[in-house]
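In this text the structure is predicted, and so the values were computed from the model without any measurement. Convention: sequence-line order gives letters A, B, ...; per-chain numbering from 1.
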Amino acid sequence: MRRTLERHWYAYAMVAPVVVVLAVLVLYPLVQGIWFTLTDINESTIANPVLDRPASYSFVGLRNYLNVLSGDPSFGSFWSTLLRTVIWTGSCVVLTYGVGLGLAMLLNRPMRLRALYRVLLILPWAVPVFISAFAWKFMFNSQFGVINQLLGALGLGQPVWLGQTDLALVAVVIVNVWVGVPFMMLALLGGLQSIPADLYEAAEVDGATPWQRFRDITLPGLRSVSSTVVLLGIIWTFNMFPVIYLVTGPAANPNTRILVTYAFERFFSGASRDYAVASTYGVLILSVLLVFAAFYRRALRRQEAFA
Amino acid sequence: MRRTALVIAGALLLTACGGGGNSGADSGKVVFWDTSGPNEHPVFEKVAKDCASKGGYSVDVQQVSFDQALANYKTAAQGGQGPDVLRSDVGWVAQLAQNGLITDLSDTDAAKDTSDFLDGPLGSTRYNGKTYAVPQVTDTLALLYNKKMLADAGVQPPATWDELKADAPKLGGANAIFLNNDAYYALPFIYGAGGDLLDVQNKKIVVNSPQNVQALQTAKGLLDAKAATTALDQANSYNNMKAAFSAGQVAMEIDGPWTVVDLLKGDAFKDPANLGVAVLPGVTAGKGSGPIGGHDYVVRQGTKAKTSSVKFIQCMSSTESQVSISKQLGLMPTRKSAYDSSDVKSQPTVTAFEPAIKQAHARPWVPAGAQLFDQLKIDYAYVLSGQKDAKAALDEVAKTYKDQVVTDYSVG
């Protein structure tokens with residue numbers, strides 16, 4: 001033991017700051033958050049340093065988890081909210097990936113004004129999310145919005161986009177896809193450019209159809225990029241708060257409620273500031289994502305073994 | 001958003017210097033969060049500056065959006081940061097007091113000589129027998145109407161909802177009135193039908209009473225009979241209502257005095273005399289009633305400028321300041337003496353709203369008061385869009401009150 005210390009002290013010294021920073025910034029809040037889920041902490045029981053008032057919350061065991069997991073509407077209808085979160089994440093990621101790949105392939109071909117198109121397509125990414133969200137909120141306005149005016153001019157129906165119906169979920173998915181496509185496109189374009197052109201030439205000489213070339217060269221060539229951006233996309237979208245909050249308003253439309261917006265509602269906007277239930281949601285979100293990431297990694301490894 | 005962020009950053013910077021604790025020394029610098037709208041803000045800012053220069057302290061007036069103010073204030077004050085003075089909605093005071101986020105003003109000059117204040121707004125400043133606030137402005141909802149449109153149709157402002165339904169065809173059917181599908185705007189229907197949200201004395205949740213079910217059915221009935229219109233997307237609803245009314249597309253709306261300054265900028269009210277104000281319709285004539293609203297000044301717990309802050313809110317709520325604000329914006333003073341002023345007496349908005357104030361219904365001044373609207377808002381919108389019937393919706397609201405808001409009350 002002493003000998004290892006003597007020999008490797010330098011390594012330990014180099015690592016120590018990182019360990020300390022991680023412990024303070026990640027581990028401590030995480031443990032505290034988990035502890036909160038086992039209490040009835042809220043804004044009137046939390047310690048108040050200004051008043052020198054000590055904390056007065058108490059241990060309640062698994063009550064918060066039981067309340068949430070029972071799916072009770074007063075605690076956010078956990079299961080249907082989880083289902084909505086999965087639908088939201090799935091449709092957003094499939095659409096951003098699909099549209100992003102399509103645009104990347106278009107831009108990967110030699111054409112005039114390619115640089116201009118790239119700049120235009122990256123624009124949604126360069127605009128701060130809250131500006132896009134407010135712009136879309138105005139466009140979706142059922143009475144004065146440009147989308148319904150356009151639909152009206154074409155003689156089509158004028159739906160209430162942001163009402164308390166599932167159409168609101170469609171609307172926020174549209175906004176999120178618009179915001180998310182540029183990143184996918186850029187990442188995939190980078191992946192496409194790393195595929196050697198002679199593979200395509202050889203395939204063409206062998207008489208492969210465009211579909212075969214796409215399936216057997218492009219997709220495998222993109223595998224490492226795709227697996228990363230899809231994983232990132234899923235985690236980001238699962239926790240994508242600003243788009244939903246800003247487009248459907250702090251009024252918290254129950255038809256666009258996902259796990260993370262409900263946690264926020266309980267923590268901030270629903271005047272009760274129920275820190276305990278909000279933390280419970282936080283821990284559940286973390287657990288869902290951990291389970292998912294484990295399965296995803298295993299699936300990827302299996303795929304690589306086959307390839 | 002950006003503005004709010006700046007304001008918070010500014011507030012953090014301003015309060016970051018200096019030692020901790022409630023030391024006796026007064027910094028002489030008052031940071032005031034003003035939550036009034038963009039058209040009202042310049043007037044409040046001017047009055048605040050005048051108060052500061054007369055009182056010998058400095059004031060920094062920061063405009064924060066009303067929607068965000070409560071959440072931002074709580075977060076800041078919990079950590080010992082934030083403004084010294086906040087313009088708080090009357091419904092927030094008890095909650096802030098319970099959580100120890102505002103200063104008990106009982107032993108300061110601000111709590112003395114309160115006999116001049118109107119009873120409704122004064123009630124909102126007290127919690128557990130102590131005084132935590134000074135009334136700034138009072139208001140209620142009334143029926144606003146386009147005089148020309150009603151005259152052209154040959155109808156009087158309706159005294160009952162049935163009358164409104166009968167008159168609607170003459171006013172262009174659904175364009176007769178615009179209903180905002182927000183919880184606060186459901187209260188006129190509820191109070192007008194003799195209902196209430198909570199029975200504070202008996203600790204009962206009465207939001208799903210038969211009167212309230214009837215009340216929401218009345219609102220939905222107006223839409224079904226094509227006597228009213230609404231915007232079903234809640235995020236845009238209030239602004240759409242104001243836009244449609246001020247453009248002359250609808251003849252009536254239900255709103256408060258704070259909105260008048262904005263409405264007068266619209267095409268329909270180029271001539272301010274065209275804007276009519278009437279007492280709310282009810283189930284029976286003369287029984288219409290809106291909620292007592294308004295704002296109070298509160299001082300943050302742990303402020304380093306307590307003496308100056310108290311002086312500041314005394315000056316801001318003085319008769320002189322109230323008269324000046326009322327004269328320019330048409331807001332309703334909270335001091336009886338202000339109503340004696342000829343400037344206030346001749347203010348058209350104030351005189352128009354006075355009868356409505358007399359009939360207004362006091363809200364329960366309990367910490368949970370501000371939380372009552374979250375679930376009601378969602379379910380009222382469900383009722384108006386026809387996705388739920390009134391009984392089922394209100395039962396759900398009652399259940400949420402029991403589970404989250406007033407857990408020690410009984411449903412009944």
J.: Compare all side-chain heavy atoms of B:Q78 with those of A:I46 and state whether any distance is below 4.5 angstrom.
T.: yes
J.: Once rounded to the nearest 0.5 Å, what's the spacing between atom OG1 of B:T400 and atom CZ of A:F75?
T.: 9.5 Å
J.: So which part of A:V277 gets closer than 4.5 Å to some heavy atom of chain B, the side chain, the backbone, both or neither?
T.: neither
J.: Got a donor-acceptor contact below 3.5 angstrom from the B:E396 side chain to the A:S74 backbone?
T.: no
J.: Under the side-chain contact (heavy atoms from CB on, under 4.5 Å) rule, what do B:K399 and A:D72 come out as? Steps first, then yes or no, please.
T.: CA-CA 10 Å; B:K399 181 172 167 351; A:D72 190 321; 2.9 Å; yes
J.: Pick from A:L162, A:V160, A:N141, A:N67: which one has the most heavy-atom pairs with chain B under 4.5 Å?
T.: A:N141
J.: How long is the gap from CD on A:E265 to CG on B:D374, to the nearest 0.5 Å?
T.: 7.5 Å
J.: Identify which part of B:T103 has an atom lying under 4.5 Å from any heavy atom of chain A, answering side chain, backbone, both or neither.
T.: neither
J.: Is it the case that the side chain of B:Q387 and the backbone of A:Q164 share a donor-acceptor pair, with hydrogens and angles ignored and the cut-off at 3.5 Å?
T.: yes
J.: Of the non-hydrogen atoms in B:A244 and A:F144, which two are nearest, and what is the gap between them?
T.: N-CZ, 4.5 Å
J.: Using side-chain heavy atoms (C-beta onward) and a distance below 4.5 Å, is B:N239 in contact with A:F138?
T.: no
J.: Can you tell me how far apart CG (A:L167) and CG (B:L232) are? Round to the nearest 0.5 Å.
T.: 11.5 Å
J.: Would you mind checking which part of B:A368 comes under 4.5 Å of any heavy atom in chain A, side chain (CB onward), backbone (N, CA, C, O), both or neither?
T.: neither
J.: Quick check on A:T165 against chain B: is it the side chain, the backbone, both or neither that has a heavy atom closer than 4.5 Å?
T.: both
J.: More than 12 heavy atoms of other residues, nucleotides or ligands under 6.0 Å from NZ of B:K226: is that the case?
T.: no
J.: Closest approach of B:I378 and A:R257, non-hydrogen atoms and distance?
T.: CD1-NH2, 4.0 Å
J.: Please classify the contact between B:S385 and chain A as side chain, backbone, both or neither, with a heavy-atom cut-off of under 4.5 Å.
T.: neither
J.: Side chain from CB out, backbone as N, CA, C, O: work out which of these in B:T75 comes under 4.5 Å of a heavy atom of chain A, or both, or neither.
T.: both
J.: Quick one: pull up CD in A:E43 and CD in B:Q95 and give me the separation to the nearest 0.5 Å.
T.: 5.5 Å
J.: Answer yes when B:D233 and A:K137 have at least one side-chain N-carboxylate O distance shorter than 4.0 Å, and no when they do not.
T.: no
J.: Chain B heavy atoms under 4.5 Å from A:A168: which part of the residue, side chain, backbone, both or neither?
T.: neither
